[in-house]
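Down below is the structure, laid out as structure tokens.
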Amino acid sequence: MQEQRDMEKHKTIHLKDYRPPDYLIETVNLEFDLDEKRTTVKSLFTVVCNHDKCEGIHPFVLNGKDLVLKSLKLDGRPLAEHEFKIDDHSLTLLPVPNRFVLEIETEINPSANSELSGLYLSGGNFCTQCEAEGFRKITYYPDRPDVMARFFTTLVGDQAKYPVLLSNGNLIGSGQLKDGKHFAKWHDPFPKPAYLFALVAGDLARIRDTFITMSGKKVDLSIYVQQHNRDKCAYAMESLKLAMKWDEETYGREYDLDTFMIVAVDDFNMGAMENKGLNIFNSKYVLAKPETATDADFQGIMGVVGHEYFHNWSGDRVTCRDWFQLSLKEGFTVFRDQHFMEDMTSPGVKRISDVNVLRVHQFREDASPMAHPVRPESYVEINNFYTVTVYNKGAELIRMLRTILGPAGFRKGTDLYFSRHDGQAVTIDDFLKAMEDANNTDLGQFQRWYAQAGTPELQVTRAYNAKTKTYALTIKQTCPPTPGQPAKEPFHIPVAVGLLDNYGRDLPLTLDRGTDQQADSSTIVLHLRKEEETFFFPGVPEKPVPSILRHFSAPVKVKSDLTDDEHLFLMANDSDEFNRWDAGQQLAVNLLLNLVKDYQHGKTPKLDRNFVSAFNKTLVSGMPDKAFQTVALSLPAETYLADFMHVIDPTAIFEARRFVQKTLATELKETFLAIYYTNQDTGPYRVDQASIGRRSLKNICLAYLMELDEPGIRKLCMEQYRNAENMTDRVASLATLANFDCTERSDALASFYETWKHDPLVMDKWLSIQALSRLTTTLNTVKLLMADPAFSLKNPNKVRALIGAFSSNTVRFHAPEGEGYVFLADQVLAINTLNPQIAARLVSAFTMWKRYDEKRKALMKAELERILAAPKLSRDVHEIVSKSLA
Ligand code: PHE
Ligand code: ZN
């Protein structure tokens with residue numbers, strides 16, 4: 001029996017088994033009587049058969065979880081027990097008529113909901129989270145995105161405790177009731193799947209503004225937050241208005257309701273949620289003022305506000321048929337928010353940071369036992385598939401389509417997609433079909449990007465024929481095997497290239513064949529379709545240096561035979577900002593990997609003079625974009641370096657990086673100091689590009705200087721900490737101090753705590769900074785911090801800030817005796833029952849275990865096995881652990 005239940009619990013769902021629903025819902029009437037422990041939900045839906053005839057043939061199966069069924073009526077008649085079947089995840093009715101009204105009353109307990117899915121409490125207020133499968137924790141319902149209905153929602157609650165009552169759409173009524181209660185009635189005119197349903201009830205401050213749409217309609221904008229946060233909403237509101245305008249200009253998309261609401265809650269599993277007309281946000285992505293939020297926080301807010309707003313079209317008006325199509329809305333919407341932020345900030349720097357996320361996290365996922373295609377073929381727990389592959393690689397696929405079709409062709413495609421599928425639940429194939437039809441082209445081969453997992457690798461070789469003045473680039477593509485996919489078919493890969501002459505100028509380009517290749521004369525997009533192809537460039541007057549994969553035109557790894565000198569040349573001259581940066585990164589990767597070997601062989605490391613002088617050149621270059629200069633001065637991340645190693649050695653990587661940082665600091669101390677001083681903020685704090693760039697450059701100089709481990713520099717750092725008028729500078733100084741065992745460290749940490757202990761988002765920074773410290777005492781500190789009032793195992797932000805951050809502190813997490821692993825496994829087990837989604841995210845730190853040395857491998861494996869053997873393991877954790885061990 002137990003075994004059978006486990007089988008059911010860990011059942012694999014396959015895309016190939018998709019069947020349209022047997023029944024559709026036309027309208028839903030919900031009535032909530034809100035109570036912290038016993039909320040009653042009365043629902044009434046009109047159900048219609050989705051076949052010619054259903055009667056007596058198809059059972060009507062509704063999903064339900066953690067519900068107490070109070071009453072059940074069909075067309076007004078109470079159903080007797082033999083007329084339905086009920087188990088712990090469903091309610092089945094048979095037989096039912098072709099069209100009927102179903103009335104269900106359920107009781108739920110929001111205060112016991114620690115999974116934060118369904119109806120739950122955060123800070124004493126009610127809120128919901130229904131994506132992907134949370135609505136079934138509210139009432140019995142066919143909880144799948146291809147069932148779309150018009151919702152009417154009535155909320156009843158205590159007027160003093162919950163003066164604000166919100167749901168999707170427009171407010172159509174409100175008033176007093178007896179016993180100090182009141183009600184509000186909402187109607188959403190757009191049919192939607194249950195995952196986009198939301199309600200909020202609480203004592204909240206409201207910040208208001210308006211937006212006039214391109215057709216002249218006035219939209220009321222509101223942000224709801226806890227009363228004490230009302231001074232932290234201005235930036236989110238400005239971001240919202242910018243996003244609304246941008247979507248009109250860039251995609252021709254206009255907002256469709258009279259009101260748009262954002263609510264911030266402190267307890268939230270993800271970043272935010274695009275519920276129709278009522279977005280619910282993790283407060284991290286709403287609340288900000290200069291004293292509490294860093295530049296990165298401000299940018300995160302604008303990006304996430306944009307992301308959720310853009311979902312109104314790419315997700316809500318046109319939604320997904322099933323969860324295998326998740327990237328239809330997420331990949332597309334991430335691309336939209338990335339592009340929005342490129343337009344609002346510095347496009348090159350934004351692109352670099354997005355590629356960094358892809359390389360560090362998605363390439364890793366692609367190389368792990370959890371590797372899956374952007375459109376997965378199967379899953380056990382859908383919550384485990386909200387991944388960097390579905391989101392960020394998915395966004396890269398949309399970006400490639402735009403490169404292939406050109407901006408105008410891409411826009412024709414999105415226009416057709418939105419008009420053709422408005423109000424429907426569709427598939428990725430439908431999206432591609434709209435792109436094809438609008439552009440009269442064939443994307444058959446491109447579809448493989450959605451079906452095949454793994455990161456393709458390009459091997460590029462070149463040849464110059466001085467006699468014929470012809471240059472040839474030969475590109476070979478391969479893709480490593482991934483679970484269930486031993487061999488891959490070649491992809492259609494757009495490779496943007498430029499050729500630089502001896503002076504570093506772009507050569508004007510033509511290709512000798514086909515009209516298929518596009519060029520803006522200095523950058524040409526090669527369409528690699530076969531396993532190996534050679535592209536010929538005629539009329540090239542001298543042997544050029546190639547700039548390959550400009551702006552990272554495809555999510556691939558490139559191997560070329562470019563020399564260090566050529567990388568230096570590109571770093572100094574490439575007209576493509578991304579490749580200028582990437583050339584420097586590749587140099588640094590080569591250098592660091594050599595140092596790693598030295599370290600492993602016990603050799604005394606030496607820093608290459610050419611590297612120091614190239615670094616110095618960047619440092620003194622006085623680039624106009626200081627944010628770009630900062631990323632150009634940043635060494636590749638430890639996890640990115642690990643990707644290049646057959647057997648990952650976290651200690652050697654850590655030591656090699658530190659050696660380079662310290663040597664650069666020693667050799668260039670005066671320059672770092674001079675730049676530090678000339679880039680101080682004057683005047684009030686501003687979040688514009690120039691100010692952000694200046695602060696980032698100044699703070700990276702400080703971080704290098706701190707490597708010197710000198711009292712004078714520590715004093716300087718402490719001064720910055722004390723005098724900082726904004727959180728960016730304060731956190732920058734605190735984070736670097738946290739790496740050194742000194743009195744300044746403890747003084748600054750203590751003072752930070754005293755100043756900010758009342759502000760949870762700021763305390764998250766305090767927790768992370770300590771969890772990321774490279775001190776050998778870090779694990780102990782983390783354990784102590786778990787008992788601090790600033791921490792709670794129940795709050796996802798806190799768990800991420802402390803435990804999540806520790807698991808990304810590679811050198812400490814991978815401590816050779818395995819104490820970091822034991823700690824993480826203990827926490828996974830503790831959180832497993834509280835919040836399976838969060839536990840599953842934490843346990844993912846173990847998925848790469850096979851890439852480490854024998855000793856670490858065995859230690860990690862033992863922890864995975866210990867977790868797997870634990871009783872009551874959630875489906876979420878079970879799926880990741882069992883796939884990792886397979
Ligand atoms: N759909 C949300 C987004 O990306 C993410 C999310 C998924 C939030 C599941 C909560 C639960 O915009
Ligand atoms: Zn999204």
Side-chain angles (χ1 to χ4, degrees), residues 122-128 155 157 159-171 174 184 186 198-213 217-247 255-268 271-294 297-312 340 344 684-687 726-727 758-762 797:
S122 177
N125 298 321
F126 289 98
C127 64
T128 53
L155 306 177
Q159 176 145 32
K161 275 165 104 177
Y162 314 113
V164 174
L165 301 173
L166 309 173
S167 190
N168 315 85
N170 302 314
L171 184 68
S174 63
W186 292 81
L199 78 76
V200 168
D203 182 4
L204 298 165
R206 178 184 192 180
I207 285 78
R208 301 182 71 161
D209 210 324
T210 53
F211 181 80
I212 309 291
T213 71
K217 245 183 49 189
K218 188 172 136 226
V219 183
D220 271 312
L221 311 177
S222 304
I223 299 181
Y224 291 91
V225 295
Q226 288 175 299
Q227 302 288 351
H228 59 269
N229 286 324
R230 58 177 322 134
D231 61 333
K232 297 187 192 138
C233 302
Y235 196 76
M237 187 64 93
E238 282 317 301
S239 304
L240 175 59
K241 289 188 283 181
L242 288 171
M244 293 178 86
K245 184 116 190 73
W246 185 89
D247 211 18
Y255 189 62
D256 52 7
L257 288 164
D258 303 336
T259 136
F260 185 80
M261 299 174 279
I262 287 177
V263 180
V265 300
D266 285 341
D267 303 274
F268 202 77
M273 180 63 210
E274 69 266 23
N275 318 300
K276 183 75 187 188
L278 177 58
N279 290 359
I280 298 181
F281 273 60
N282 185 327
S283 56
K284 176 177 166 56
Y285 293 108
V286 176
L287 305 178
K289 57 180 181 178
E291 302 83 66
T292 63
T294 62
D297 294 330
F298 279 101
Q299 289 182 331
I301 288 170
M302 192 181 284
V304 177
V305 167
H307 180 99
E308 305 310 329
Y309 175 73
F310 301 145
H311 267 315
N312 189 56
F340 167 59
M344 296 299 128
Y685 175 89
R686 294 176 48 187
V687 230
N726 61 73
M727 189 51 82
H758 60 280
D759 188 322
L761 289 175
V762 181
N797 285 358

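Residues V304 and A272 share a closest heavy-atom pair of CG1-CB, 3.8 Å. Heavy-atom minimum distance, W186 versus N168: CB-O, 3.6 Å. Closest heavy-atom contact between K217 and L257: NZ-O, 4.1 Å. For the residue pair K289 and K232, the shortest heavy atom distance occurs at CE-CE, 3.9 Å. Scanning all heavy atoms of the two residues, the minimum distance from A236 to V286 falls at CB-O, 3.7 Å. Nearest heavy atom pair, residue R208 against residue S222, reads CG-OG, 4.3 Å.
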Legend entry - CA sep, side-chain torsions, deciding dist, call: F268, K284, side-chain contact (heavy atoms from CB on, under 4.5 Å): CA-CA 10 Å; F268 202 77; K284 176 177 166 56; over 6 Å; no
Inset, instruction - Report the C-alpha separation of M261 and L166 in whole Å, then their side-chain angles, then the decisive distance to 0.1 Å, and conclude whether the side-chain contact (heavy atoms from CB on, under 4.5 Å) test is met. - result: CA-CA 9 Å; M261 299 174 279; L166 309 173; 3.9 Å; yes
Inset, instruction - Begin with the C-alpha distance, continue with both residues' side-chain angles, and end with the deciding distance and a verdict on salt bridge (charged side-chain N to carboxylate O under 4.0 Å, His left out) for R206 and D220. - result: CA-CA 12 Å; R206 178 184 192 180; D220 271 312; 5.8 Å; no
Inset, instruction - Decide side-chain contact (heavy atoms from CB on, under 4.5 Å) for V225 and C233; before the verdict, give the C-alpha distance in whole Å, the side-chain angles of both, and the deciding distance to 0.1 Å. - result: CA-CA 8 Å; V225 295; C233 302; 3.6 Å; yes
Legend entry - Worked verdict on L761 versus D759 for side-chain contact (heavy atoms from CB on, under 4.5 Å): CA-CA 6 Å; L761 289 175; D759 188 322; 3.8 Å; yes
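Taking the six-membered ring for Trp and thresholds of 30 and 60 degrees, Y235 and F298 have ring planes more than 60 degrees apart, a perpendicular arrangement.
Distance OG1/T294 to CE/M727: 8.5 Å, rounded to 0.5 Å. Note: N279 CG to H307 NE2 = 10.0 Å, rounded to the nearest 0.5 Å. Here the CZ-CD1 distance, from R230 to I207, works out to 5.0 Å after rounding to the nearest 0.5 Å. The distance from atom CG of L278 to atom OG1 of T259, rounded to the nearest 0.5 Å, is 8.5 Å. The CG atom of L242 sits 5.0 Å away from the CE atom of M302 when rounded to the nearest 0.5 Å. For the atom pair CG of L199 and CZ of F126, the computed distance is 8.5 Å after rounding to the nearest 0.5 Å.
Using a distance-only test at 3.5 Å, with no hydrogens or angles considered, no donor-acceptor pair links the side chain of S283 to the main chain of L287.
In this structure, Y309 has its ring center under 6.0 Å from that of F260.
Residues C127 and V263 have side chains not in contact (no heavy-atom distance under 4.5 Å, counting atoms from C-beta outward). Counting heavy atoms from C-beta outward, K276 and D256 have side chains that approach closer than 4.5 Å. In this structure, M344 and W246 have side chains that are in contact, with non-hydrogen atoms separated by less than 4.5 Å.
A donor-acceptor pair shorter than 3.5 Å cannot be found between the side chains of N125 and S122.
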